[in-house]
Amino acid sequence: MLDVRDLTFHYPGGARWQFQFTLAPGECLAVAGPSGSGKSTLMNLLAGFLTPDAGSIQWRGRELVGTPPWARPMTSVFQEHNLFEHLDVTTNLGLGMDPGLRLTARQRQRIADGLKALGLEGFGQRMPGDLSGGQRQRVAVLRALLRDQPILLLDEPLTGLDPEARALLRDLLLAQKAEGRLLVLASHDAEDRDVLADRLLPV
Ligand SMILES: Nc1ncnc2c1ncn2[C@@H]1O[C@H](COP(=O)(O)OP(=O)(O)OP(=O)(O)O)[C@@H](O)[C@H]1O
């Protein structure tokens, strides 16, 4: 269970937020609100890139506030995809699984299977700069999924994709839920929220 309680935050001189929700394995929470309402702020608080003024984020009874981002049981796909431009697609994906890139045959197979499932078969040796925006986005989501963390933070993961890629990624995210992962999804798109989310957090 992810238990977010009285999580308060403000930017210097800016508005103040307070977030509260619980999320069980297999559930998706959609964070909805207009541009500038604080969706990315919540994502950054959960990921540990921002420090709250007060409140707690507990995962299975363990407090995550104060835990650095890399040690949290979550992985994020934010609007900037943050692929390493000088490394090919397979290496980008592999680094998410093992920073030392000592990949097992099974891990290599998972990368190949993931690329195939997302319509990117044969793209493993390409450089990110040689991909379309939608292809880069799929690689970024795949990299997050391959990291096998229990919590996925997704900030507009399907925005800008064509209908086919969108359907592929939606199915992939539904499969993550079926496997028991927790999804926190910021999305402007009501249809994505309807398909994926169990609950709505208006901000
Ligand atoms: N570093 C910062 N310092 C001060 N104010 C900030 C900072 N980052 C964001 N804000 C402000 O906080 C508010 C919430 O921003 P946030 O990015 O969380 O909104 P959002 O709901 O994710 O918007 P969008 O849908 O456009 O991505 C905005 O008014 C924004 O201008």
Side-chain angles (χ1 to χ4, degrees), residues 2-23 27-59 63-83 85 128 131-145 147 149 151-163 165-167 169-170 172-173 176-177 181-203:
L2 179 68
D3 189 358
V4 172
R5 227 175 269 180
D6 299 326
L7 194 69
T8 57
F9 178 78
H10 76 284
Y11 294 106
R16 181 186 170 84
W17 287 272
Q18 185 169 71
F19 301 104
Q20 181 135 319
F21 64 89
T22 58
L23 205 56
E27 286 186 332
C28 173
L29 178 81
V31 185
S35 182
S37 58
K39 301 182 294 299
S40 300
T41 300
L42 172 59
M43 293 298 198
N44 283 313
L45 285 165
L46 295 174
F49 302 130
L50 290 174
T51 304
D53 300 330
S56 71
I57 304 170
Q58 293 203 353
W59 168 244
E63 180 58 55
L64 297 183
V65 173
T67 303
W70 52 267
R72 296 190 181 201
M74 41 184 86
T75 182
S76 45
V77 182
F78 287 175
Q79 275 152 326
E80 318 76 40
H81 309 134
N82 299 322
L83 297 177
E85 297 297 328
L131 301 177
S132 74
Q135 290 167 341
R136 292 169 66 92
Q137 207 161 335
R138 279 180 271 168
V139 172
V141 173
L142 180 58
R143 185 172 62 174
L145 300 186
R147 293 190 60 196
Q149 294 285 359
I151 304 170
L152 286 169
L153 306 177
L154 305 158
D155 197 349
E156 301 287 352
L158 308 177
T159 302
L161 292 178
D162 63 51
R166 200 178 193 104
L169 270 189
R170 272 187 189 158
L172 208 69
L173 294 177
Q176 300 302 309
K177 287 179 64 183
R181 297 218 166 79
L182 288 72
L183 273 53
V184 181
L185 170 80
S187 174
H188 283 109
D189 188 273
E191 197 181 312
D192 287 340
R193 297 198 298 261
D194 285 348
V195 171
L196 291 166
D198 303 283
R199 264 176 301 136
L200 203 67
L201 181 74
V203 291

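Start at 1 and go down the list; that is how both ligands and their atoms are numbered.
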Exercise for review: For side-chain contact (heavy atoms from CB on, under 4.5 Å), just list the numbers for Val31 and Phe21, CA-CA rounded to whole Å, side-chain angles, deciding distance to a tenth of an Å, and then say yes or no.
Suggested key: CA-CA 11 Å; Val31 185; Phe21 64 89; over 6 Å; no
**Study point:** Polar side-chain atom of Glu156 near backbone of His188 as donor-acceptor pair, under 3.5 Å
**Key:** yes
Practice item. Could you tell me whether Lys39 and Asp155 make a salt bridge, using a distance below 4.0 angstrom between a side-chain N and a carboxylate O? Key: no
Check your understanding: Heavy-atom contact under 4.0 Å between Pro34 and ligand 1?
Key -> yes
**Study point:** Structural part of Phe78 in contact with ligand 1, heavy atom criterion under 4.0 angstrom
**Key:** neither
Point to revise | Those atoms of ligand 1 less than 4.0 Å from some heavy atom in Lys39 | key: 18 (O), 19 (O), 20 (P), 21 (O), 22 (O), 23 (O), 24 (P), 25 (O)
Review point. Any chance CZ of Arg199 has more than 12 other-residue heavy atoms, nucleotides or ligands included, within less than 6.0 Å?
Key: yes
**Study point:** Location of contacts on His188 toward ligand 1, heavy atoms closer than 4.0 Å
**Key:** side chain
Exercise for review: If the plane angle is over 60° it's perpendicular, under 30° parallel, otherwise tilted; pick one for Phe9 and Tyr11.
Suggested key: perpendicular
Check your understanding: Does some non-hydrogen atom of Gly14 fall short of 4.0 Å from ligand 1?
Key -> no
Check your understanding: At under 4.0 Å between heavy atoms, which part of Ala186 makes contact with ligand 1: side chain, backbone, both or neither?
Key -> neither
Review point. Any N or O of Trp17 that comes nearer than 3.5 Å to an N or O of ligand 1?
Key: no
Check your understanding: Any idea which atoms of ligand 1 are less than 4.0 Å away from a heavy-atom of Ser40?
Key -> 17 (O), 18 (O), 20 (P), 22 (O), 27 (O)
Point to revise | ring pair (Phe, Tyr, Trp, His ring centres under 6.0 Å) against Phe49, all qualifying residues, sequence neighbours excluded | key: none
Revision key, fill the gap. Across all chains, not counting sequence neighbours, the salt bridge (charged side-chain N to carboxylate O under 4.0 Å, His left out) partners of Glu63 are none
Review point. Does some non-hydrogen atom of Gly33 fall short of 4.0 Å from ligand 1?
Key: no
Study note, to complete from the structure: Quick note on ligand 1: atoms under 4.0 Å from a heavy atom of Thr41 include exactly 14 (C), 15 (O), 16 (P), 18 (O)
